[in-house]
Amino acid sequence: MKIVVMGAQWGDEGKGKIVDCLAGDAQIIVRFSGGANAGHTIVIGNEEYALHLIPSGVLYPDKTVILGAGMVIDPRALFSELETLNRRGVETAGRVLISDRAHIVLPRYIDIDKKRDAARKKPIGTTGRGIGITYSMKSDRDGLRLADLGWKEKMDELESGDREFLDPYVDRLKAMSVDLASFLAHRKNAQVLFEGAQGALLDLDLGTYPFVSSGMSCAAGAAIGGCVGPRALDKVLGVFKAYSTRVGNGPFPSEFDPGSEDELCRFVRDTGREYGVTTGRPRRCGYLDLAALRYACITNSIDSLVITHLDVYDTLEEVKACVAYRVGDRVVEHFPASIEDLNAAKPVLRTFPGWKRPLRDRLTYEEFPVEAMEYIEFIERFCETPVDVISVGYDRRATIIRESPWR
Ligand code: GDP
Ligand code: IMO
Ligand code: MG
């Protein structure tokens, strides 16, 4: 079985935690997009791990984890991450592989990324990891893939600075390189998780362009970046928070109003620890945007939703979610492409009673307070998609699986 786990909002939904939870039943975990712009957190007891490039299944000693063809890989960041894991006792030798079709991020791309974003009239607020530049070199057909490291002619064409940078990494990268298409084709019956980075609304095609990342963080990207055909994917899981966050610039219609909702914003940011894993930036926070979530479900064939951070709302008297937008004198129920419309959009909010009890100790959905069930069941009806997994804390164990995706 092949299952995709992707973000259904603007990233940081808790994909790392959910992949780690589901990876117990998988043999192979493939990260299909993005690069070191991602930050995936896994908490097991007192241990917290922040992963940027390595797939979130790595903490199980028996899993093979693969950096897919859709990724852009900075060798310096990769080997530093591996070293950190090894120092913490996570053995990685021989079981971290990289698709030979993945592209390499060079240091000068990182410099260009930072300079170009700073020079933009409306900066995107990139993570400064060279991501956009590497993907544009790729689409310009001037990029460098792992497979090219053994191609003398291509290597000879590189600028001397690029060669000097790559030299200490070439042999190690080659040793980790794999033909992902054949690897998966030879393991047809394996249980495979395809781990996304970023989220549906940061996807280059489907997201809030140009305020997006440059990879394919959509479900279709799992097929392309995972070197399988679209019909090989059995299920798509969309992870979303009980509220919304966004790092960097760009439209965010359900963002808490800095004038009237500043206290709520601070509460959510502090309770949910909403600070970026990669850049440390405070995340922008807002209400759950159901119009956007429904759009993510439709455009990614999401079979099953995973709600995270529901515990953050434990103490609130009431909980609100955005069900449509008011743009001028129009009520808009779909998620618009126009950045002008999204910037002008005011959320139409629906209010739900709060449950005012901690959810953390509930072991089954049946033990949930009725108010929490009402919030979840409204989301299911609105998105016409079941919420099969509920996360009520950052720890691996704080997870309620109503319906296992592996079934
Ligand atoms: P990712 O990029 O989608 O993997 O998410 P991040 O790791 O960037 O951000 C999610 C943050 O929320 C991390 O600090 C997680 O430890 C934490 N987290 C994940 N699920 C939950 C949850 O259900 N409740 C709470 N309170 N925190 C969670
Ligand atoms: P994970 O996988 C949240 C955002 C950046 C910026 C925009 C473009 O942890 O969910 P880039 O450096 O990719 O060119 O930046 O995308 N961004 C993310 N936001 N989570 C992420 O990854 C992100 N990866 C990129 O903040 O607004
Ligand atoms: Mg993250």
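FYI, the numbering just counts along the sequence from 1. This is a predicted model, so every value here is computed, not measured. Every number for a ligand or one of its atoms is a count from 1 in the order of the listing.
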Are side-chain N/O atoms of [X] and [Y] paired as donor and acceptor at under 3.5 Å?
X      : Y      : answer
Thr126 : Asp113 : yes
Thr364 : Glu367 : yes
Lys17  : Thr399 : yes

Near [X] [atom1], under 6.0 Å, is it more than 12 heavy atoms from other residues, nucleotides or ligands?
X      : atom1 : answer
Arg397 : CZ    : no
Arg88  : CZ    : yes
Glu377 : CD    : yes
Arg326 : CZ    : no

Looking only at protein heavy atoms, identify the closest one to [atom] and say how far it is in Å.
atom                    : value
atom 7 (O) of ligand 1  : Thr41 OG1, 2.6 Å
atom 16 (O) of ligand 1 : Tyr394 CB, 3.2 Å
atom 23 (O) of ligand 1 : Ser391 OG, 2.5 Å
atom 4 (O) of ligand 1  : Gly16 N, 2.8 Å
atom 2 (O) of ligand 1  : Gly39 O, 2.9 Å

Checklist entry - Any idea how Tyr243 and Tyr313 line up, ring-wise: parallel (<30°), tilted (30 to 60°), or perpendicular (>60°)? => result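 Ring orientation, 0 to 90° scale: tilted.
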Item to check | Phe252 and Trp10 aromatic ring geometry - parallel, tilted or perpendicular at 30°/60° bounds | outcome: tilted
Checklist entry - Would you say Gly16 has an N, O or S atom lying under 2.8 Å from the Mg ion (ligand 3)? => result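 Under 2.8 Å: Gly16 has no N, O or S contact with the Mg ion (ligand 3).
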Checklist entry - Near His40, which atoms of ligand 1 are under 4.0 Å from a heavy atom of that residue? => result 1 (P), 2 (O), 4 (O), 7 (O)
Next on the checklist: If the cut-off is 4.0 Å to any non-hydrogen atom of Gly393, which atoms of ligand 1 fall inside it?
Outcome noted: 20 (N), 21 (C), 22 (C), 23 (O), 24 (N), 25 (C)
Checklist entry - Out of curiosity, is Gly7 lining ligand 1, as in a heavy atom under 4.0 Å away? => result no
Next on the checklist: Under 4.0 Å, counting heavy atoms only: does Arg283 come that close to any atom of ligand 1?
Outcome noted: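 Checking ligand 1 against Arg283, which is what was asked, there is a heavy-atom contact under 4.0 Å.
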Examine the proximity of ligand 1 to [X] and report which part, side chain or backbone, both or neither, has a heavy atom under 4.0 Å away.
X      : answer
Asp12  : both
Asp311 : side chain
Lys17  : side chain
Arg273 : side chain

Checklist entry - Where do Gln198 and Asn37 land on the side chain to side chain contact (heavy atoms under 4.5 Å, CB included) test, with the steps shown first? => result CA-CA 8 Å; Gln198 291 79 57; Asn37 50 348; 3.1 Å; yes
Checklist entry - Does NZ or CZ of Arg402 fall inside the cone over Tyr365's six-membered ring, less than 6.0 Å from its centre and within 45° of the axis? => result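 Yes, a cation-pi geometry holds between Arg402 and Tyr365.
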Next on the checklist: Does Arg284 qualify as a cation-pi partner of Phe211, given the criterion of NZ or CZ under 6.0 Å from the six-membered ring centre and within 45 degrees of its axis?
Outcome noted: no
Checklist entry - Rounded to 10°, how many degrees is the angle O/Gly39-the Mg ion (ligand 3)-OD1/Asp12? => result 160°
Checklist entry - Which of these passes ring-ring contact (aromatic ring centres under 6.0 Å, His included) with Tyr295: Tyr325, Phe382, Phe335? => result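 Going through the options one by one, the only one that passes is Phe335.
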Item to check | Donor-acceptor under 3.5 Å (Arg246 side chain, Glu255 main chain) | outcome: no
Next on the checklist: Can you confirm, on distance only, whether ligand 1 has an N/O atom lying under 3.5 Å from any N/O atom belonging to Gly14?
Outcome noted: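 For ligand 1, there is an N or O atom that lies under 3.5 Å from one belonging to Gly14.
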Next on the checklist: Which protein residues come within less than 4.0 angstrom of ligand 2, counting heavy atoms only?
Outcome noted: Trp10, Gly11, Asp12, Lys15, Asn37, Ala38, Gly39, His40, Ile124, Gly125, Thr126, Thr127, Ala197, Gln198, Leu202, Val212, Ser213, Val247, Gly248, Arg281
Next on the checklist: Going by the closest heavy atom to atom 3 (O) of ligand 1, which one wins out of His309, Lys15, Gln9, Glu274?
Outcome noted: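 That would be Lys15.
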